[in-house]
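Step one of this worksheet: look at the structure below.
Just so it is clear: chains get the letters A, B, ... in the order the sequence lines come, proteins before strands, and each one is counted from 1.
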Number of protein chains: 2
Amino acid sequence: MDKDLEKLKEEFIINFGWAYKAFGLSKLMGHIVALLIYSPRPLSLDEITQALKRSKGPVSQITRRLRDKNLIRRVWQPTSRKDYYEIEPEVFENAFRNNLELVRNNLRIAKTFKQRVADVGGDDVNALDTRLSEMQKFYELMDKKYKEFLDEWEVERENLEKNRINI
Amino acid sequence: MDKDLEKLKEEFIINFGWAYKAFGLSKLMGHIVALLIYSPRPLSLDEITQALKRSKGPVSQITRRLRDKNLIRRVWQPTSRKDYYEIEPEVFENAFRNNLELVRNNLRIAKTFKQRVADVGGDDVNALDTRLSEMQKFYELMDKKYKEFLDEWEVERENLEKNRINI
DNA sequence: TGGAACGTTTGAAAAAAATCAAACGTTAAC
DNA sequence: GTTAACGTTTGATTTTTTTCAAACGTTCCA
C-alpha cells in the first residue's frame, strides 16, 4: 500500500524530469519540483538529497535556481536551523510566466531585426520583411493570449480556493 | 552594405539558436530555421552546410527532424537533383502546435496521477489530490487558450495574406 | 557497367552539461 | 573560543549531447 504510493511518487518525479527537460530546463529541476509537489510538508536539503539520491552540491545549486524562478520557496522551522523547501503555491502560473518571458524575447528579436533589415535595405529584403512582420504579429498575439490566460486563471484559481474552504 | 546584411543574418541565426535551446530543442535546429527564414530562396544541403560551417552528417539529421516537426520542407528544383529546403510557411504556428503537445502531455500526467493516487488512497493524500486537481485545471485552461489562439491566428494570418496581395 | 553526385548512417571524437566529493565559510551551541 | 551542523563553492569526474569524417547505399548519366 505505502509501497504503491512510493512507486507512484517515483514515477511522478521521473515524469516531471522529462517534462522539464522538454521545456529546456534541467531534469533535476523537474525532480525537485515534483518531489515538493508530492510532499505534504517542507523538506530539508538533506531530505531532498536523500530522496533523489544526489549529493548536496547540485541540489543546493538547483534549489537556488528554482527559487530565482519562483517555483519553490525556502521556509524555516522553529525547531531546526536547517533550510526547508516547499513548493511555491503558484508554481504552474510562475513557470508559465517564465515561459512568457521567452515569448517576449522572441518578439523582441522579430522587432529588432525587422527594423534593422529595413534600415540596411537592399534587394532581397522584401520577402524577409514580410516574414519578420508575420513573426512579429504572431508573437504579439501570443503575448496577448498569454496575458488573457493568466487573468482567467486568476479567476479560476480563486474559485478553486473558495470551494476548498467551503467543503 | 551587403556586409551589414550579412552581419545581421549571422546575429539572427545565433539568436534563433539560443531561443530554440531555451525551448528544449537543439541550437542547430534554430540555426537552420533562422537561415531558411532569412533566405529568399530554397537552399541545398550543401549550401546550409557551408553557411553554418558544419559537416553534412548533423545537417542531414537535423533537417530530417525539422521536417518531422513541420518546421521546414523539402523541395526540388527542375534543374538539379539535389534536395532543397525552405522554411515552412507556417513555422511559427507549427512550432506552437508542437509545444501544445507538451502541454497536453502535462495534462495527461496530472490526470493519470490524480486517478492513481485516489485509487491507492492513504493518509497524506488529500493535499496532494488538491495540488493535482489544480494542475489538471491549469493545463486544461491552457489547452483551451492555446486552441483559441490558433483560431485567432488563422484569422489574422488570412488578413495579412489579403493585404499583401492587395498592395 | 562504371563512375560521379548525392543524402544517410555510423562509430569515434570533441564539447557541453550534470554530478560528485571535498574544502570552505558561516552560524549557533556549548 | 571551540566544535558541530549547516549550506555553498569549487575542481575534477562522469555522463550526455553534439559534431565530425568516413563508409555506405542509391540514383542518374555516360
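Two residues are said to be in side-chain contact when any heavy atoms from C-beta on lie closer than 4.5 Å; A/R108 and A/N105 meet this criterion. By the 4.5 Å heavy-atom criterion applied to side chains, A/E47 and A/S39 are not counted as neighbours. For the pair A/M135 and A/E140, the minimum side-chain heavy-atom distance is 4.5 Å or more.
Shortest non-hydrogen contact noted between A/V103 and A/D143 is CG1-N, 4.5 Å. The two residues A/K27 and A/G17 make their nearest non-hydrogen contact at CG-O, 3.4 Å.
For the pair B/Y84 OH and C/dA5 P, the interatomic distance rounds to 14 Å; values are reported in whole Å. When rounded to the nearest whole Å, the span between CH2 of A/W76 and P of C/dT27 equals 13 Å.
For A/D46, the salt bridge (charged side-chain N to carboxylate O under 4.0 Å, His left out) test picks out no residue, with sequence neighbours left out. Here B/S133 pairs with B/K114, B/D129 under the side chain to side chain contact (heavy atoms under 4.5 Å, CB included) rule; sequence neighbours left out.
A/L102 shares a hydrophobic cluster with B/F23; the chain of contacts runs through ILVMFWY side chains whose heavy atoms sit under 4.5 Å apart.
Ring geometry for A/F149 versus A/W153: interplanar angle under 30°, hence parallel rather than tilted (30 to 60°).
Using a 4.0 Å cut-off on heavy atoms, the residues of residues 43-69 of chain B that approach DNA chain C are B/L45, B/K56, B/G57, B/S60, B/Q61, listed by number. Remark: A/S26, A/L28 in residues 11-29 of chain A come within less than 4.0 Å of DNA chain C through at least one heavy atom.
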Using a cutoff of under 3.5 Å, can you pull out all pairs of nitrogen or oxygen atoms linking the protein to nucleotides 3-5 of chain D, with atom names and distances?
residue, atom, partner, partner atom, Å
D/dA5, O4', A/R81, NH2, 3.2

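For the pair A/T130 (side chain) and A/N126 (backbone), a donor-acceptor distance under 3.5 Å is present.
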